[in-house]
Amino acid sequence: MTTFILVSGLFTGTHIWQDTAARLTAAGARAHTAALTGLDGPRESRHADVDLETHIADVLAVVDAVEAGPDGKVVLVGHDYGIHPVAGAADRRPDRVARIVHLDSGLPRDGVPALAAVPDQSLRERLSAPATAGGDGHGAAVLAPPAHDEWPRWGSTDGVPAASLDRLTALAAPQPLGTLLQPLRLSGAAGTVPSTGVLCTGNGTSIELVQMLVGLGDPALRTLTDPRVTFFELPTGHWPMLSRPAELADVLLRAAAGEGHRLTPVAADEPPAHLRPFLLDVPEVPRERHGRVDLYPPAAEEPRPAVVFVHGGPVSADAVPTPRDWPGLTGYARYAAGQGAVGVLLDHRLHDLGDHDRAAADVAAAVELVRADPRVDADRIALWFFSGGGLLAADWLAAPPPWLRCLAATYPVLAPLPNWGLSGTRFHPARAVAGAGALPLVLTRVGREMPEIAATVEEFLAAARDRGAHLEVVDVPHGHHGFETVDHTDEARAAIRHAMRAVLRHAFGPAAHGHQSARRPAPDYRRE
């Protein structure tokens with residue numbers, strides 16, 4: 001008989017667990033909910049002066065009071081913000097906790113406040129400002145709960161019945177700011193406890209996506225390949241206890257039994273996918289390094305067009321090598337140089353989901369550096385975005401400068417994923433494409449894309465066609481995300497050649513929008 005302790009997230013109380021707890025009990029388990037101070041109980045008894053330690057104490061009180069399972073331990077389940085008091089409680093009672101379940105939540109870290117996991121970027125910035133030390137900048141010590149139509153800012157409401165969303169709104173409580181601003185303190189003891197991640201794919205996360213991030217070498221994610229760590233997916237939004245209570249109960253029971261998918265560690269004797277060789281033979285063009293920007297200039301006497309390749313992300317600041325030394329990207333840059341254009345790579349600083357402004361500024365600065373180089377025709381620039389870097393294309397789509405001859409994207413993210421907290425920002429290419437006008441667009445789409453990313457591509461394509469955008473789609477039906485170093489097939493090689501020909505055709509050809517500069521002799525960029 002497993003004993004579960006269920007801990008709710010932002011603005012919510014024990015009421016959200018009603019259906020899931022009933023199903024766990026019906027299956028023979030014990031299910032308890034932890035009432036968090038300020039979020040549960042009559043409104044008049046809610047307190048605004050509580051912090052994260054208060055909520056950790058609330059969870060500990062339940063851990064110490066309930067009847068444990070046969071092994072004398074409990075399973076702690078933290079949804080959303082709730083994983084922070086769960087982690088704190090497990091760190092103080094590791095011998096009482098059989099497993100920690102991260103229910104569509106982040107990875108709490110020592111010294112980091114729960115605010116870092118809040119999906120709304122603008123809110124994170126506002127609340128982390130020094131003026132908010134005593135409140136939210138307006139004298140309040142609580143964060144007001146969302147209105148009925150504001151819940152998607154905090155996570156996808158996919159699958160939540162209308163009546164449940166009404167009740168969620170009616171019972172929502174103000175979140176004490178101290179619970180978000182106080183850093184979590186962990187001794188490391190909780191790291192000995194097995195854990196399970198339950199990922200809600202409708203909120204933008206999947207096992208495949210996590211596996212890819214692990215492969216990029218982020219040290220913070222290495223622990224996820226521990227064999228004691230398992231994963232499950234639920235095809236629903238951020239509130240599975242409201243949208244899929246039966247499926248959630250089943251997953252929790254299986255997690256408690258140690259079931260679930262285990263990630264594949266990066267083999268010590270085999271490079272990760274993004275560090276494998278580029279699938280085309282390309283010339284060894286000398287690289288020039290200028291700060292965070294690398295140039296691969298062709299052998300030419302007159303100024304040539306440039307193609308600026310923008311890598312994806314977020315990529316950990318500790319990643320080695322950095323993206324501009326990844327074989328796939330250097331392969332593209334050398335390929336472009338071999339066809340007579342200046343290939344350009346840069347390391348932009350998209351290290352976290354809150355870094356898009358900084359990364360966008362890095363891309364803009366790189367473009368200006370390239371345009372100022374005398375070997376570059378400043379009126380013939382193409383931008384080529386990859387993966388999560390696709391969101392950085394939004395500025396260039398919304399207001400294309402006249403010298404931008406083409407914008408390309410390969411297996412891109414073209415709308416913010418629900419749990420990225422960017423839906424209200426300018427980084428939304430599927431909306432920005434309305435301003436693209438006659439700017440030529442080249443999109444490479446892979447058939448084996450992660451569903452959450454594929455959905456953003458389809459959203460972009462629908463918007464682009466609606467607006468009559470000048471769009472060319474290169475399909476790789478059997479291709480995976482990162483296919484240039486993964487799928488060494490004739491189909492993949494043909495797709496890269498097709499996309500490069502299309503981009504260089506626009507870069508070397510007459511302007512399709514804005515002013516038209518003087519034509520310069522163009523090489524035969526179609527040669528293989």
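A salt bridge links Asp347 with Arg324; the closest basic N to acidic carboxylate O contact falls under 4.0 Å. Taking 4.0 Å as the cut-off between side-chain N and carboxylate O, Arg92 and Glu53 count as a salt-bridged pair.
When Leu252, Leu103, Asp19 are each tested for a side-chain contact (heavy atoms from CB on, under 4.5 Å) with Met241, only one passes: Leu103. When Leu461, Val433, Leu397, Leu443 are each tested for a side-chain contact (heavy atoms from CB on, under 4.5 Å) with Leu414, only one passes: Leu443.
Listed for the Arg292 side chain is no donor-acceptor partner under 3.5 Å among the backbone atoms of Asp362. In this structure, the side chain of Thr12 does not engage the main chain of Ser8 through any donor-acceptor pair within 3.5 Å. The closest donor-acceptor contact from the side chain of Asp325 to the backbone of Pro321 lies at 3.5 Å or more, if one exists at all. The main-chain N or O of Ala21 is found under 3.5 Å from a side-chain atom of Thr25 such that the two form a donor-acceptor pair. Gln182 places no side-chain N or O within 3.5 Å of a backbone atom of Asp51 that could act as its donor or acceptor partner. Put simply, the side chain of Thr2 never gets that close to the backbone of Ala256: no donor and acceptor are under 3.5 Å apart. Judged purely by atom type and a 3.5 angstrom limit, Arg426 has no side-chain atom pairing as donor or acceptor with the backbone of Ala394. At distances below 3.5 Å, not a single donor-acceptor pair connects side-chain atoms of Arg448 with backbone N or O atoms of His481. When atom types are taken as modelled, the side chain of Arg30 and the backbone of Ala68 share a donor-acceptor pair closer than 3.5 angstrom. When atom types are taken as modelled, the side chain of His55 and the backbone of Val59 share no donor-acceptor pair closer than 3.5 angstrom.
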Mind running side chain to side chain contact (heavy atoms under 4.5 Å, CB included) on Glu449 and Glu458 for me, showing each step along the way?
-> CA-CA 12 Å; Glu449 182 60 275; Glu458 293 310 308; over 6 Å; no
What's the verdict on salt bridge (Lys or Arg N to Asp or Glu O under 4.0 Å) for Glu459 and Arg431, showing C-alpha distance, side-chain angles and the deciding distance?
-> CA-CA 9 Å; Glu459 180 183 347; Arg431 288 202 301 250; over 6 Å; no
Stepwise side-chain hydrogen bond (donor to acceptor under 3.5 Å, both in side chains) check, His261 with Thr230 = CA-CA 5 Å; His261 177 89; Thr230 64; over 6 Å; no
After noting the C-alpha distance and the side-chain angles of Trp239 and Thr157, does the key distance pass the side chain to side chain contact (heavy atoms under 4.5 Å, CB included) rule?
-> CA-CA 7 Å; Trp239 283 273; Thr157 56; 4.0 Å; yes
After noting the C-alpha distance and the side-chain angles of Thr20 and Arg23, does the key distance pass the side chain to side chain contact (heavy atoms under 4.5 Å, CB included) rule?
-> CA-CA 5 Å; Thr20 302; Arg23 294 173 187 275; 5.9 Å; no
Take Phe231 and Leu224, measure what side chain to side chain contact (heavy atoms under 4.5 Å, CB included) needs, and give me the verdict at the end.
-> CA-CA 9 Å; Phe231 288 89; Leu224 299 183; 4.2 Å; yes
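Contact annotation: the side chain of Pro412 never approaches that of Phe385 to less than 4.5 Å [non-hydrogen atoms, C-beta and beyond]. The closest side-chain heavy-atom distance from Trp17 to Pro245 is not below 4.5 Å. Annotation: side chain of Leu441 is in contact with side chain of Phe460 (closest heavy-atom distance under 4.5 Å). Contact check for Arg93 versus Asp64: side-chain heavy atoms found under the 4.5 Å cut-off. A heavy-atom distance below 4.5 Å is found between the side chains of Leu199 and Val210. The side-chain heavy atoms of Lys73 and Arg99, taken from C-beta on, include no pair separated by under 4.5 Å. Here the side chains of Phe11 and Tyr81 are not in contact, with every heavy-atom distance at 4.5 Å or above. Put simply, the side chain of Leu234 reaches to within 4.5 Å of the side chain of Val198, judged on heavy atoms.
Here Phe309 contributes atom CZ and Leu329 contributes atom CG; the two are 8.5 Å apart, rounded to the nearest 0.5 Å. Distance check: Leu184 CG to Leu186 CG gives 4.0 Å after rounding to the nearest 0.5 Å. Atom-to-atom distance recorded for Ile5:CD1 and Leu76:CG is 5.5 Å, nearest 0.5 angstrom. For the atom pair Ile453 CD1 and Glu208 CD, the distance stands at 8.0 Å (nearest 0.5 Å). Here the NE2-OG1 distance, from His238 to Thr205, works out to 10.0 Å after rounding to the nearest 0.5 Å. Distance check: Ile83 CD1 to Ile100 CD1 gives 6.5 Å after rounding to the nearest 0.5 Å.
Using modelled atom types, one finds a donor on one side chain and an acceptor on the other under 3.5 Å when comparing Asp91 with Ser187. Using modelled atom types and a 3.5 Å distance limit, the side chains of Ser105 and Asp80 yield no donor-acceptor pair. Counting only N and O atoms by type, the side chains of Ser195 and Arg228 include no donor and acceptor under 3.5 Å apart. At a cut-off of 3.5 Å, with distance as the only test, no side-chain donor of His480 or Tyr411 sits close to an acceptor on the other residue. If you check the side chains of Ser243 and Thr236, you find a donor sitting under 3.5 Å from an acceptor. No donor-acceptor contact under 3.5 angstrom links the side chains of Asn419 and Ser156, judged on distance only. Counted by atom type alone, Asp166 and His148 present one or more donor-acceptor pairs between their side chains at under 3.5 Å. At a cut-off of 3.5 Å, with distance as the only test, no side-chain donor of Glu233 or Thr201 sits close to an acceptor on the other residue. Trp384 and Thr410 are linked by a side-chain donor-acceptor pair at a separation below 3.5 angstrom, with hydrogens and angles left out of the test. If you check the side chains of His32 and Thr3, you find no donor sitting under 3.5 Å from an acceptor. In summary, the side chains of Asp104 and His79 do not present any donor paired with an acceptor at a separation below 3.5 Å, with no hydrogens or angles considered.
The two residues Leu253 and Ala29 have their closest heavy-atom pair at CD2-CB, 4.1 Å. Summarising the geometry of Ala249 relative to Leu24, their closest heavy-atom pair is O-CD2, 3.6 Å, with the distance given to 0.1 Å. Here the shortest heavy-atom pairing between Gly388 and Val413 reads CA-CG2, 3.9 Å. Ala430 and Ala463 get closest at one heavy-atom pair: O-CB, 3.2 Å. The two atoms that bring His84 and Pro108 nearest to each other are CD2-CB, 3.9 Å, heavy atoms only. A pairwise comparison of heavy atoms in Pro146 and Thr169 identifies O-CG2, 4.2 Å as the closest pair.
Shown here is Gln18, whose CD atom has no more than 12 heavy atoms of other residues, nucleotides or ligands within 6.0 Å. More than 12 heavy atoms of other shown residues, nucleotides or ligands fall within 6.0 angstrom of atom CD in Glu368.
Between His311 and His348, the ring planes lie parallel to each other; the angle is under 30°, not in the 30° to 60° tilted range. Using cut-offs of 30° and 60° on the angle between ring planes, the pair Phe427 and His356 is tilted.
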